[in-house]
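Reviewing the structure listed below.
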Amino acid sequence: MNATSKNSFTPIIKLGITLALYAVAACAILAIVNYITLPIITANKKHDSDSAMKRIFNTATSFEEITDFDTDNNSINNLYLAKEDGKTIGAVVQVTGATYDKARIILGVSKDLTIKKMEFLELSDSPGFGLKASDSQYKGKNGKTFYDQFTSLPATSKLVIGQDIDAITGATITTQGVTALVKKGCALLTSILGSEN
Amino acid sequence: MSNKLVIFTNGFIKNNPLLVLNIGLCSALGVTSSVFNGFGMGFSMMFVLLMSEIVISLFRKFIPSAVRLPIFIIIIAAFTTIVQLLLQAFLPSLFKALGVFLPLIVVNCIIMGRVESFASKNTVINSVLDALGMGLGYTIVLVLISLIREVLGGGTILSGTPFCLTLLPESYRIGLFNSAPGGFLVFGFLAAVVQNIKKEKDS
């Protein structure tokens with residue numbers, strides 16, 4: 001019997017098993033916490049986007065969901081027509097994508113193809129830099145918050161940074177990323193509203 | 001001074017994690033551009049530090065030395081994620097306010113440092129005191145640094161809260177303090193002050 005090799009293996013196996021046990025225990029607890037919190041978090045997110053939708057189109061009496069469109073790899077979702085007394089007054093959609101880290105925005109375009117409003121649902125960029133984009137206390141050169149700059153611009157606008165949109169100092173990538181998300185949402189909403197006659 | 005009080009006050013000046021032990025500096029320089037951020041990071045980190053020290057102190061006899069670091073990381077990362085999920089579900093407004101700081105806590109060297117050098121070798125009660133002392137020492141320094149950086153660099157105080165006040169007009173603000181070099185300068189100055197206090201105490 002080869003006693004030496006058996007002795008050099010056993011401690012390593014014991015250590016490996018101990019480590020594995022801790023990992024399994026941690027994962028099990030995480031799975032339980034996730035299981036408990038996931039429905040609540042999903043409900044919170046839905047509540048946030050529903051209230052954002054109602055803020056953007058505050059005169060709307062109902063929202064009709066549209067599911068038949070190109071979700072671009074699931075980065076565009078929750079497309080709704082805003083209706084006031086049965087007549088379409090605009091459309092709203094959520095766009096998710098890369099900024100410096102990433103962002104999820106909700107964008108509303110009116111029937112006359114101008115941007116109604118844009119709001120951030122999630123933004124995980126750096127505080128003090130890219131995060132200023134969603135900060136209601138940050139006012140750019142034109143006295144508006146970053147996200148309010150988009151209001152009333154035509155939905156077909158090229159949204160040129162430096163011309164139509166003021167960039168945030170020290171947060172160029174965030175500015176470009178968010179503007180790209182708005183453009184993407186506008187492109188979809190313009191085509192939806194255009195065919196909604 | 002009783003032993004318990006020594007442990008608790010250890011993290012304030014004598015072994016302040018940032019200014020004396022010089023650990024956890026990345027977060028200290030990265031999030032101190034405003035006082036609100038400083039508070040937020042300080043308290044979130046203190047909470048994770050507290051929970052990690054408690055758990056590791058509880059299990060200290062069952063953690064083999066050879067694999068202790070991976071086990072510490074597993075526990076700290078698991079706690080950070082649990083805190084994130086719980087906040088996101090039950091206190092969403094606080095979760096949004098803390099934002100990116102929560103995941104950053106995992107890489108905070110102070111937690112790893114204290115768990116390795118203290119919690120793994122001491123009782124649960126002493127570990128609680130150590131965690132609270134270190135956490136408070138960390139938070140106080142963070143708030144001090146952000147106070148200087150926010151007022152001189154941003155001209156505001158408590159920006160990010162409804163109590164934001166603008167103290168300096170734009171032309172009097174010193175932009176240097178908003179960026180990393182400015183943060184280093186403030187940090188170095190505070191470290192020098194603490195070294196001076198310690199020297200006078202020892203003499």
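Reminder, nothing fancy here: chain letters follow the sequence lines and each chain counts from 1.
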### Message
Assess the residue pair A/Leu19 and B/Ile74 against the criterion (side-chain contact (heavy atoms from CB on, under 4.5 Å)); give the C-alpha distance rounded to whole Å, side-chain angles, the decisive distance to 0.1 Å, and a yes or no.
### Response
CA-CA 9 Å; A/Leu19 188 56; B/Ile74 290 174; 4.0 Å; yes
Rounded to the nearest 0.5 Å, what separation is found between the [atom1] atom of [X] and the [atom2] atom of [Y]?
| X | Y | atom1 | atom2 | result |
| --- | --- | --- | --- | --- |
| B/Asn178 | A/Phe129 | CG | CZ | 7.0 Å |
| B/Arg68 | A/Thr18 | CZ | OG1 | 14.5 Å |
| B/Ile71 | A/Leu21 | CD1 | CG | 9.0 Å |

### Query
Counting heavy atoms not belonging to A/Tyr138, are there more than 12 under 6.0 Å from its OH?
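Yes, the 6.0 Å shell around OH holds more than 12 heavy atoms from other groups.
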### Query
Just wondering, more than 12 heavy atoms not from B/Lys14 lying within 6.0 Å of its NZ?
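It does not: B/Lys14 NZ has 12 such atoms or fewer within range.
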Report which part of [X] has an atom under 4.5 Å of a heavy atom belonging to chain A: side chain, backbone, both, or neither.
| X | result |
| --- | --- |
| B/Phe95 | neither |
| B/Pro70 | both |
| B/Phe59 | both |

### Task
Please look at A/Asp101 and chain B and tell me whether the side chain, the backbone, both or neither of the residue comes under 4.5 angstrom of a heavy atom of that chain.
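A/Asp101 has no heavy atom closer than 4.5 Å to chain B.
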### Query
Is chain B contacted by the side chain of A/Lys14, its backbone, both, or neither, given a heavy-atom distance below 4.5 Å?
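When you check distances to chain B, no heavy atom of A/Lys14 falls under 4.5 Å.
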### Where A/Asn44 and B/Gln88 come nearest, the two heavy atoms and their spacing
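Result for this residue pair: ND2-O, 3.4 Å.
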### Query
Hey, which of A/Asp48, A/Ile41, A/Leu123 has the most heavy atom pairs under 4.5 Å with chain B?
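Going by pairs under 4.5 Å, I would pick A/Ile41.
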### Query
What option among A/Ile40, A/Leu15, A/Thr42, A/Thr37 has the most heavy-atom pairs under 4.5 Å with chain B?
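Of the options given, most contacts go to A/Thr37.
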